[in-house]
Protein chains: 2
Amino acid sequence: MASTAVELIKDLSTPAFVVDLDIVKRNASVMLARFQKLGVQLRPHMKTHKTLECADIMTGGSRRCIVVSTLAEASFFADHGYDDILYAYPLPFDKVERCAELSEKLSLFHVLVDSSLALQELKRRPLKQGKAWHVWMKLDCNNGRAGVPHAEPAALQLAQEISETEGVELTGIYAHCGNSYGSKGEEQIKAVAQETTTFTLQFVEKLKAVGVKGPKSSIGSTPSCSHPVPDMAMLSEVHPGNYIFYDVQQSLIGSCRLEDVAVRVLTRVIGHYPHKNQLLVDCGWTALSHDGGGRLPTGYAVIEGHPDIKLVSMTQEHGRVEPVSGKLDFSQFPLGSMLSLMPYHACATAVMHPVYYVHSKGKIVGTWKPTRGW
Amino acid sequence: MASTAVELIKDLSTPAFVVDLDIVKRNASVMLARFQKLGVQLRPHMKTHKTLECADIMTGGSRRCIVVSTLAEASFFADHGYDDILYAYPLPFDKVERCAELSEKLSLFHVLVDSSLALQELKRRPLKQGKAWHVWMKLDCNNGRAGVPHAEPAALQLAQEISETEGVELTGIYAHCGNSYGSKGEEQIKAVAQETTTFTLQFVEKLKAVGVKGPKSSIGSTPSCSHPVPDMAMLSEVHPGNYIFYDVQQSLIGSCRLEDVAVRVLTRVIGHYPHKNQLLVDCGWTALSHDGGGRLPTGYAVIEGHPDIKLVSMTQEHGRVEPVSGKLDFSQFPLGSMLSLMPYHACATAVMHPVYYVHSKGKIVGTWKPTRGW
């Protein structure tokens, strides 16, 4: 890559995914300090960035206590000295053996289940050296994706079943408040955070009442962990992830300000088409993703410093930019000039890039290579 | 990866992108034979797959005469013995030096321009050893993305300017009929193919009339090259790409039958949620992409053998499946069972995968690793 010798982000070959190290460090410190103050363990999620360097920043250098969404991530971090890894994904039956190997290798590897059948799969593969499977039960507190609905008797039954199974330890109760993504503003976010916290803590109390003591409790999502409610101090852990980069979506939800967004896709103007009142840029969906569906007033991204133009559509390697209204002043955007796109969804954009260019005040200070695959 | 020792695609760790080698070979042969019969050079596009192995199949082993959409692809294929490579992308000014190096290294490296300013950039970097830049002019024949509109005097002026510039050779006129993607059925596809062909050939005639002789002509898109019109025999080249895999989108346009679609994303059922009438599968947008926007009657994909279920939504690593109507019969889809998704857009899905599993009749015969980046 010609880009590796480049010193300033303005000279990078485009499209390029750039990460502002100062903002990343600030986002990490704020979240670490927030939950330290509340006395709650922060277990940061790796899914947004999938890099060692960023994981080190998020864990404050401990290399302990993380959550991942793929086994590829789990293995990647385990291979690089990480431990206490929670694979927060409904246990896929084709991956039990790999999970067992990680459980045997690490001091703490946690899996997640939301069905009795998954528990049977764990029983069929007892761990060596008398180790126990560390199991979190996924509780659905109105998020509506995975998990056992918190109010259903089946939830309590499954938790009891896990706790009674030989070779298996019910380590915790895990809820994802992804429904916080439907919020607008701090008040609505806090309402979801409160609801998820209440249901999770109530569930742990109900477990105690039936004699199951000890399981931890964890909830998480970037909106709820950006605006925690006081009751969250009673949780054992939280597990947000996107906050390390933030994005336009999070700013619209109210999790952050636009100034907290740490990532951009840099692109250059490669075409002037006055007959269409349109610019062409070298950023297609391979560099930005289609996430968000182009529904922002400025289309698929916010174009930094140019609230009056819109990324209206993309093909594989091309993006079309038009004025939000009126006629485009092409002289403002010479061929070869650079535009800086704030992604709608940082997780979706990061995943499109084999390398991230990390900068401090525009000067490149490193490159990060994410792990990929499953 | 645990998957590499796997012999049958049914045993792959999911999600996995699988390529049916027999269909790929058939799609390649049909396209090669079709244009050999018409006496037109096929210059296959590499953007869909970005792998050496598939390129070898598409070029019939010649390793010559390909088109790419990124410089990373150009360098990747050049490094592996490919030559006569057309970088069919409006020349990005930050990549002129890398283009010059490829032009000096290869016997034939072609660039594309659609503005006088781009031509000036080439003039500022004369090639060594008296070599000339091979330049294709991009003509917009109502596709509406890049290129100079075919009927505007500016088009003729630019072509003349290229042909008169020292150190530069006007190698050809290049039109992409991406507007064929709006077609439904063979008749509409052929109408677009005819229009693009007519405008391109007329333009070459106009050039001849002003004394510019010799430039080649090339049009392309998978729909138009799947249903060529007789006049396309008068072109020098065509440059389709997606046809090697095809996809649901192409079947809806009418370029192919569903039986011609060579790729799938394999996924497994990881959750049963009767209270939501919903299955969870281990395929999110990281494995399938959001392309198509979920507007198929079956959502984001066609689920092979199950026309009655729908991939309604995805998050990063999860997909939600519901019946198209009525109540889901969960016994048909046990936890751990595999579903096979036909992607809406093969290019967008392939780009999400660091490795493709290649099979013949379900037996894995190899893995292909695509190049990525720009």
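Lettering of chains follows the sequences in order, A, B, ..., and the numbering in each one begins at 1.
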query = Side chains of A:H318 and B:S69: does their closest heavy-atom pair fall under 4.5 Å?
reply = no

ask   = Any side-chain heavy atom of B:E317 within less than 4.5 Å of one from A:Y89?
value = yes

message = If I measure from the heavy atoms of chain A, does B:P92 come under 4.5 Å with its side chain, its backbone, both, or neither?
response = both

request  = Below 4.5 Å from any heavy atom of chain A, which atoms of B:Q316 appear? Answer side chain, backbone, both or neither.
outcome  = side chain

ask   = Under a 4.5 Å heavy-atom cutoff, which of A:Q278, A:H272, A:K138, A:H275 has the most pairs with chain B?
value = A:H275

inquiry  = Counting heavy-atom pairs under 4.5 Å with chain B, which one of A:P90, A:G284, A:A16 comes out on top?
reply    = A:P90

What part of [X] lies closer than 4.5 angstrom to a heavy atom of chain B: side chain, backbone, both or neither?
| X | value |
| --- | --- |
| A:I270 | both |
| A:L280 | side chain |
| A:S115 | side chain |
| A:K47 | both |
| A:V281 | backbone |
| A:M338 | neither |
| A:P354 | side chain |
| A:D291 | both |
| A:S313 | neither |

inquiry  = Give me the atom names and distance for the closest heavy-atom approach of A:D94 to B:T14.
reply    = OD2-N, 3.1 Å

query = Mind checking whether B:W285 and A:H345 have parallel, tilted or perpendicular rings, split at 30° and 60°?
reply = perpendicular

task = To the nearest 0.5 Å, tell me how far B:F93 CZ sits from A:S337 OG.
result = 9.5 Å

note = Comparing B:A287, B:S75, B:G178 against chain A, the one with the most heavy-atom pairs below 4.5 Å turns out to be B:A287

Enumerate donor-acceptor pairs with a distance under 3.5 Å from any side-chain N or O in residues 144-155 of chain B to protein atoms, sequence neighbours excluded.
{"unit_1": "B:R145", "atom_1": "NH1", "unit_2": "A:T315", "atom_2": "OG1", "d": "2.9"}

message = Please determine whether a side-chain nitrogen of the Lys or Arg among B:D282 and A:K95 lies less than 4.0 Å from a carboxylate oxygen of the Asp or Glu.
response = yes

ask   = Regarding A:R372 and B:T286, is there a side-chain donor-to-acceptor distance under 3.5 Å anywhere?
value = no

